Every structure is written in structure tokens, then in C-alpha cells.
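Notes follow once the structure below has been shown.
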There are 2 protein chains.
Amino acid sequence: MEPVGLRARKKLRTRDAIADAAISLFLARGFEQVSVSDIAATAEVSKPTLFRYFATKEDLVLHRFADHNGEAARVVRDRGPDIAPLTALHRHFRAGLDRFEPVTGLNDHPEVVAFHRLVFTTPSLAGRLTQYLLDDEDALAAVLGPGIGARLQAAQVIAVHRVLARTNWQRIADGRTAHDVQPEAIVEADQAFAQLRHGTGDS
Amino acid sequence: MEPVGLRARKKLRTRDAIADAAISLFLARGFEQVSVSDIAATAEVSKPTLFRYFATKEDLVLHRFADHNGEAARVVRDRGPDIAPLTALHRHFRAGLDRFEPVTGLNDHPEVVAFHRLVFTTPSLAGRLTQYLLDDEDALAAVLGPGIGARLQAAQVIAVHRVLARTNWQRIADGRTAHDVQPEAIVEADQAFAQLRHGTGDS
DNA sequence: GTTACCGGGTTGCTTTTTTAACCCAGTAAC
DNA sequence: GTTACTGGGTTAAAAAAGCAACCCGGTAAC
């Protein structure tokens with residue numbers, strides 16, 4: 001078991017308090033309209049403490065994505081024997097859809113939808129999110145192997161994730177429910193991964 | 001204004017958390033049946049931290065009395081001009097009765113009654129409470145002036161406080177309400193302070 | 001009658017947090 | 001075109017808290 005003393009517990013709580021304060025202020029007033037000092041004050045910590053937990057203002061929002069950092073690489077690394085990387089990635093994304101995980105975009109909790117809108121409509125956030133995706137891509141490429149082939153495949157996988165998730169989110173932002181969208185999301189995911197496996201079929 | 005930064009606020013909260021945890025555990029299981037480690041764990045602080053806030057286990061209970069430490073001396077020191085010390089003390093106690101302050105014993109909140117019973121029925125607590133009263137007495141004597149006269153008067157004042165408060169508490173412990181007891185408490189207080197002023201009248 | 005445990009309280013060291021001051025970039029005032 | 005403010009981010013020193021290990025008195029086990 002990992003040692004979960006007072007110190008560790010309180011650190012987690014502090015981190016949560018900061019993140020919660022940040023998200024709720026951002027959702028209420030918009031990213032640019034909230035200063036990090038406001039967040040620190042709301043979370044009842046000092047500004048240096050805030051920055052000890054989160055490197056930048058953007059990370060206050062994106063740590064939820066950061067939690068998934070390297071996930072694709074991990075999925076490939078931890079796949080069972082006799083399972084192709086693409087198969088493992090496909091199954092993992094599919095499982096995410098089944099569970100309506102926010103990363104898949106297939107989640108209609110108002111809070112989640114508002115959160116996604118916040119990210120996508122705030123340039124600095126969208127920009128930093130891209131950086132995260134590139135890191136993800138690097139990690140995935142590294143575990144897929146050396147050479148340009150692995151890099152290309154990694155790039156394509158991450159792109160597929162991104163497009164599928166944004167598509168799902170867009171439909172939900174348009175007012176549909178996650179449950180309603182789920183079937184086509186699954187079909188599209190299957191199609192996307194099939195395309196990765198076999199090419200587009202264009203000559 | 002007094003500067004109330006993050007540090008001061010959090011220290012207060014920690015102190016309150018410890019004290020609250022202690023009191024509620026003591027009331028639930030009794031003084032001896034609770035270890036300071038239990039209290040520290042409940043308050044989510046370490047044992048050394050607990051002892052940085054409270055010198056002894058007894059003080060975890062008695063800090064409420066300690067908050068009134070030196071109050072008698074303060075009342076005398078801060079009295080208006082042309083007001084005799086005894087008059088100031090009398091008025092102050094009388095005001096406490098009017099407001100049903102727990103120190104006067106004239107308070108029937110179940111929590112307060114249970115708290116008093118805890119103190120009076122636990123020898124080590126009662127003992128330490130006596131120490132507090134002696135400190136109070138010293139402070140009062142000092143402000144009343146030098147000499148044996150001041151010391152005697154101080155001792156008598158503190159004794160009066162103690163007897164009046166215990167009498168009030170006893171009646172409430174017997175099931176009467178504070179409101180019901182209040183009139184006689186006031187009469188007795190007046191009598192007690194009159195006796196201090198003029199002697200018992202015995203020859 | 002040792003041995004071992006328990007509970008109140010302490011000690012030294014490390015980690016975390018606060019504080020106040022600062023840097024730098026943008027920008028509004030005049 | 002300075003001047004001054006605001007906001008993101010940093011630094012160094014000091015306070016507070018955590019941790020582990022300990023002391024000491026009592027008391028239960030064997």
C-alpha cells in the first residue's frame with residue numbers, strides 16, 4: 001500500500017481546493033476575467049502555494065486532461081500478449097465511450113459541457129491543450145517503436161482521439177444527450193480505427 | 001484593524017478543530033477513555049501539533065475557562081473613573097447572568113451542562129481548573145494593589161465567583177431551566193457582593 | 001521480577017505554507 | 001513618453017506542521 005499519512009492527505013485536499021476554486025470561478029466569469037490572486041484567495045492559499053501545485057494559470061483548467069497524460073502510451077505498453085497496439089487503443093477508447101468518460105467528449109453533465117466549452121473557446125487554453133496532446137503523441141510514439149512509421153501512427157491515433165472527442169462534444173453542445181449520441185459515436189470510433197488499420201481505401 | 005492574514009485564520013481554525021474534536025470525544029466517551037492520539041487523529045493533526053496548541057490534555061477541556069483568564073483583573077483595570085473595584089466586578093458578573101454566559105453557570109444548553117459535569121466529575125480537570133482560578137486570583141490581587149488586604153479581597157472575589165457559578169450549575173443540573181433560576185441567581189449575587197462590601201454582619 | 005505495552009508529553013529534522021518583496025509585460029492616463 | 005497600475009510568475013526567509021523516534025510512569029502478562 002502507498003503510505004497515506006496526514007501530509008499526503010492534506011496535500012490532496014489543498015490541490016482539490018485550488019482546482020475547484022479555479023474551475024468554479026472560471027465557469028462563472030470566464031478564464032480571462034479571473035486572476036490567479038482571486039483563485040488563491042478563494043481557495044484560501046497564498047499565490048506561491050498555488051503555483052507550487054500548478055505551473056501556469058492554464059494548468060488550473062487543464063490538469064484534468066493532464067491526468068490522462070501518457071494514457072495512450074500506457075495502454076499500449078500494458079496491453080496483453082498477442083494484442084496489436086491499435087486493437088488495445090481501440091478497445092480502450094471504446095471502453096471510455098461505454099462509461100461516458102469526459103475525455104471522450106461523450107458526457108452531458110452540464111458542468112462537463114461548460115468545462116469543454118471553456119477550454120475550446122479560450123485560445124490560450126486550446127493552445128496549451130495542444131501541447132499536452134503533443135506530449136501524449138511523443139510518449140505513444142516512443143512506446144510504438146523507433147522510426148518514422150511509429151511517429152506517423154502515433155500522430156494519427158492522437159488525431160483520431162481528438163476528432164472523435166470533439167465531434168461527440170459538439171453534438172452534445174448542440175443539445176443532444178450522451179445516451180442519444182452514443183451509438184453513432186461507437187460506429188464512428190469503429191470506422192476511425194478501421195481506417196487506421198487498413199487505410200482510407202482511396203487509391 | 002487587527003491584521004488577519006491567512007496564517008492567523010488557519011491557526012485559529014486548527015485550534016478550533018482540535019478543541020472541538022477533544023470536547024466531542026470527551027463528552028461521548030469520558031475524559032480518561034480518550035487518548036490524545038485519538039483527538040489528534042480526529043482533528044487530523046499530528047500529536048506534536050496538538051501539544052503546540054494545548055500544553056496538557058486537561059487544557060483541551062479547560063481552554064474555555066482559560067479564555068476568561070485574567071478577566072476579573074481586566075474588569076478592575078478597565079473600570080471607569082469613580083467606580084469602586086467591587087462595583088465593577090459586581091456589575092460584570094451581573095451582566096454575565098443577564099446574558100446567560102456559561103462561565104456564570106447559568107446556562108442550560110445541554111452541551112454546556114454536560115461540559116460542566118465533565119469538568120466537575122473528573123478529578124484531574126477539577127484540579128487544573130483550581131490552578132486557573134489561582135492564577136486569576138493572583139492577577140486580580142496585583143491590580144487591586146499591594147499588601148495582604150488586596151490578596152484577601154481577591155481571594156474572596158474569586159471564591160464568590162466560584163460558589164455562585166457552581167450553585168447555578170447545580171440547580172440546572174437538577175433539571176431546572178436557566179430562565180427559571182435567573183432571578184434567585186441575581187439575588188444571591190447581589191447578596192454575595194454586599195457581604196463582600198460590608199462583611200457578614202456576624203459579630 | 002523482567003518484559004512488554006500503553007498513554008502523556010518531548011525532541012530534531014524535514015516538508016509545506018505564508019509572507020512580502022520583487023521581475024516582467026502589457027496598457028491606460030496624462 | 002513617462003508614470004503608474006494590473007496580472008502572471010518567482011524568490012528568500014520564517015512560521016507552522018508532519019514524522020519518527022524517543023522518555024517516562026504505570027500496569028498487565030508470565
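Below, all heavy atoms of this structure are taken into account, side chains as well, without hydrogens, waters or symmetry copies. Naming convention: chains lettered A, B, ... in sequence-line order (proteins, then strands); numbering from 1 in each chain. All figures in this text were calculated on a predicted structure; none of them were measured in a lab.
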Could I get the full list of side-chain contact (heavy atoms from CB on, under 4.5 Å) partners for B:T122, not counting sequence neighbours? B:F31, B:E32, B:L118, B:S124, B:L125

Identify, with sequence neighbours excluded, every residue that meets side-chain contact (heavy atoms from CB on, under 4.5 Å) alongside B:A173. B:W169, B:Q170

Partners of B:S46 by side chain to side chain donor-acceptor pair (under 3.5 Å), sequence neighbours excluded? B:T49

Pairing residues for B:R29 by the side chain to side chain donor-acceptor pair (under 3.5 Å) criterion, not counting sequence neighbours: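 Testing B:R29 for side chain to side chain donor-acceptor pair (under 3.5 Å), a comparison that skips the adjacent residues, returns B:D38.
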
Only distances under 3.5 Å count here; give the side-chain donor-acceptor pairs of residues 131-147 of chain B to other protein atoms, sequence neighbours excluded, each with its distance to 0.1 Å.
unit_1 : atom_1 : unit_2 : atom_2 : d
B:Y132 : OH     : B:D59  : OD1    : 2.3
B:D136 : OD1    : B:G70  : N      : 2.5
B:D138 : OD1    : B:R151 : NH2    : 2.4

Reading DNA chain C in the 5' to 3' direction, which nucleotide is the first one with an atom under 4.0 Å from a heavy atom of chain A, and which is the last? C:dT14 to C:dA20

Could you list all the ring pair (Phe, Tyr, Trp, His ring centres under 6.0 Å) pairs where at least one residue sits in residues 67-99 of chain A, not counting sequence neighbours?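 For residues 67-99 of chain A: A:H90-A:F193, A:F93-A:H161.
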
Residues forming a ring pair (Phe, Tyr, Trp, His ring centres under 6.0 Å) with B:F54, sequence neighbours excluded: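 Here the qualifying residues are B:H63.
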
Which parts of nucleotides 5-20 of chain D does protein reach within less than 4.0 Å, heavy atoms only, written one letter per nucleotide 5' to 3' as B for base, S for sugar-phosphate only and - for none? ---BBBB---SSBBBB

